[in-house]
2 protein chains.
Amino acid sequence: MPVTSDPGIALSALHDHLGYWMRLVSNAVSHGFARSIEGQGVTVAEWVLLRMLFDQESAAPSHLAKQMGMTKGAISKLSDRLLDKHLIARAADTADRRAHRLALTAAGRALVPKLAALADENDSRFFKALGPEDQVRLGNLLRAMAEAHGLRNTPLS
Amino acid sequence: MPVTSDPGIALSALHDHLGYWMRLVSNAVSHGFARSIEGQGVTVAEWVLLRMLFDQESAAPSHLAKQMGMTKGAISKLSDRLLDKHLIARAADTADRRAHRLALTAAGRALVPKLAALADENDSRFFKALGPEDQVRLGNLLRAMAEAHGLRNTPLS
DNA sequence: TCGATAAGGTTTCCTAGTCAACTAAAATCG
DNA sequence: CGATTTTAGTTGACTAGGAAACCTTATCGA
């Protein structure tokens with residue numbers, strides 16, 4: 001009669017880790033957001049890039065790669081997709097002939113506020129389950145974690 | 001002189017959303033864990049499947065798909081990889097000729113405690129940045145979120 | 001100033017998922 | 001009982017990202 005485990009060894013369960021709960025909640029929020037913006041024809045990564053360009057007038061792909069915590073290869077493909085959708089434009093850098101500048105098109109600029117509203121809505125839909133004070137506490141705890149570990153890049157995966 | 005945005009419109013920033021901080025931290029924890037177990041030759045998804053089998057003696061792929069929140073196609077490929085690594089074994093279900101049973105091999109069973117130790121280590125390495133009380137608070141907030149939204153499946157993506 | 005090195009981008013190959021089509025077997029129900 | 005529907009699992013097409021090889025252009029240093 002095979003045993004499933006040696007009863008003498010107590011093994012931590014998956015849900016014994018805070019990382020488990022972080023991933024569970026984070027995933028639900030992100031997937032919810034992905035669903036809420038797919039009607040606008042964009043993905044979460046695309047939203048992040050568009051939102052960053054909204055503040056920057058124009059940016060080099062390599063700069064976006066650092067900001068977004070993605071490889072330059074990924075940014076290259078991501079911007080290809082956004083070019084196909086006519087949400088951004090690509091121009092040669094006048095000073096550096098290797099470099100490019102990415103900028104929002106009018107359509108891209110018009111889309112960002114809509115997506116931002118959906119982001120707001122998604123966030124409050126999920127986190128209203130906590131009271132307002134607990135939302136603040138959660139934010140403080142997460143920012144403390146980010147601070148302690150020097151987390152800077154916008155995460156996507 | 002082009003403007004980057006209409007100053008009359010205040011747009012929420014990426015980091016104004018709790019979802020942003022959740023993803024930032026969750027991602028760092030998960031990637032840290034992925035790195036810490038890659039020396040053992042397994043991925044996070046593989047770890048989760050192995051850990052679940054550790055408690056169950058044997059399980060049907062379809063059952064694991066529900067438990068892990070993945071499609072049956074993904075489980076099919078995931079178990080192929082674990083079979084190749086000789087960490088699990090696949091047997092025909094005696095009662096249902098469509099179904100299979102997956103179970104840990106001796107090697108798989110021996111590996112799980114090592115991975116569990118790495119999971120413990122990774123979790124405490126990250127969350128020790130918070131004090132013990134704050135760790136408890138964070139866990140309570142996350143579980144409250146999971147409860148409120150009926151989140152059940154172990155998330156992976 | 002010119003040769004080596006670094007930096008910007010693209011492309012190719014690889015991994016790991018989803019979705020949907022497909023096969024086989026079981027379950028349902030008229 | 002037999003036809004239909006459901007369920008289990010695999011497979012193939014597709015997506016999105018990482019790693020590394022690869023051009024091109026800048027930069028740096030002897």
Side-chain angles (χ1 to χ4, degrees), chain A residues 23 26-27 30-35 37-38 41-50 58-85 88-103 153-157, chain B residues 23 27-28 30-35 37-38 41-50 58-85 88-103 153-157:
Chain A
R23 211 165 58 206
S26 169
N27 231 247
S30 288
H31 282 163
F33 182 51
R35 255 176 280 123
I37 62 175
E38 79 183 4
V42 295
T43 66
V44 175
E46 290 166 4
W47 147 247
V48 172
L49 196 155
L50 294 173
S58 88
S62 55
H63 180 230
L64 290 168
K66 281 167 196 149
Q67 261 189 117
M68 296 182 63
M70 290 172 67
T71 63
K72 49 192 187 157
I75 295 293
S76 183
K77 295 164 198 167
L78 182 51
S79 43
D80 282 348
R81 297 195 293 271
L82 287 167
L83 284 165
D84 286 347
K85 295 178 187 174
I88 67 172
R90 179 150 51 192
D93 186 306
T94 50
D96 184 339
R97 299 208 296 147
R98 297 168 301 182
H100 296 161
R101 306 296 304 178
L102 301 177
N153 295 329
T154 298
L156 288 158
S157 76
Chain B
R23 211 164 58 203
N27 231 247
S30 287
H31 283 163
F33 182 52
R35 257 177 278 122
I37 62 175
E38 80 184 3
V42 294
T43 65
V44 175
E46 289 167 5
W47 147 248
V48 171
L49 195 155
L50 293 172
S58 88
S62 54
H63 180 230
L64 290 168
K66 279 169 198 150
Q67 260 189 118
M68 297 180 64
M70 291 172 66
T71 63
K72 51 194 186 153
I75 295 294
S76 183
K77 293 163 192 169
L78 181 51
S79 44
D80 282 348
R81 298 195 293 272
L82 288 166
L83 284 165
D84 286 346
K85 296 179 186 173
I88 66 172
R90 179 149 51 192
D93 186 306
T94 51
D96 184 339
R97 300 208 295 149
R98 294 169 303 181
H100 295 161
R101 305 297 303 179
L102 301 178
N153 295 329
T154 299
L156 287 158
S157 77

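Since the model is a prediction, treat every value here as computed from it, not as a measurement. Residue numbering restarts at 1 for every chain, and letters A, B, ... go by the order of the sequence lines.
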A.B. asks: Treating primed atoms plus P, OP1 and OP2 as sugar-phosphate and everything else as base, which nucleotides of nucleotides 6-16 of chain C get B, S or - for protein heavy atoms under 4.0 Å?
C.D. replies: BBBBBBBB--S
A.B. asks: Using a 4.5 Å cut-off on heavy atoms from C-beta on, say whether the side chain of B/Arg23 contacts that of A/Val44.
C.D. replies: yes
A.B. asks: Rounding to a whole Å, what distance do you find between A/Arg35:CZ and C/dT18:P?
C.D. replies: 13 Å
A.B. asks: How long is the gap from CZ on A/Arg90 to CG on A/Leu82, to the nearest 0.5 Å?
C.D. replies: 10.0 Å
A.B. asks: In whole angstrom, what separates A/His31's NE2 from D/dT15's C1'?
C.D. replies: 13 Å
A.B. asks: Can you name the residues that form a side chain to side chain donor-acceptor pair (under 3.5 Å) with B/Asp96, not counting sequence neighbours?
C.D. replies: B/Arg98
A.B. asks: Using whole Å, what does the distance between atom C1' of nucleotide D/dG9 and atom CG of B/Leu82 come to?
C.D. replies: 17 Å
A.B. asks: Check for a donor-acceptor pair, side chain of B/Lys85 on one end and backbone N or O of B/Gly41 on the other, with a separation under 3.5 Å.
C.D. replies: yes
A.B. asks: Between A/Thr71 and D/dA19, is there a contact of a side-chain N or O with OP1 or OP2 at under 4.0 Å?
C.D. replies: no
A.B. asks: Would you say that A/Val42 contacts A/Arg81 through its side chain, given a criterion of any heavy-atom pair below 4.5 Å between the two side chains?
C.D. replies: no
A.B. asks: Between B/Ser76 and B/Lys72 (side chain of the first, backbone of the second, donor and acceptor by atom type, cut-off under 3.5 Å), is there such a pair?
C.D. replies: no
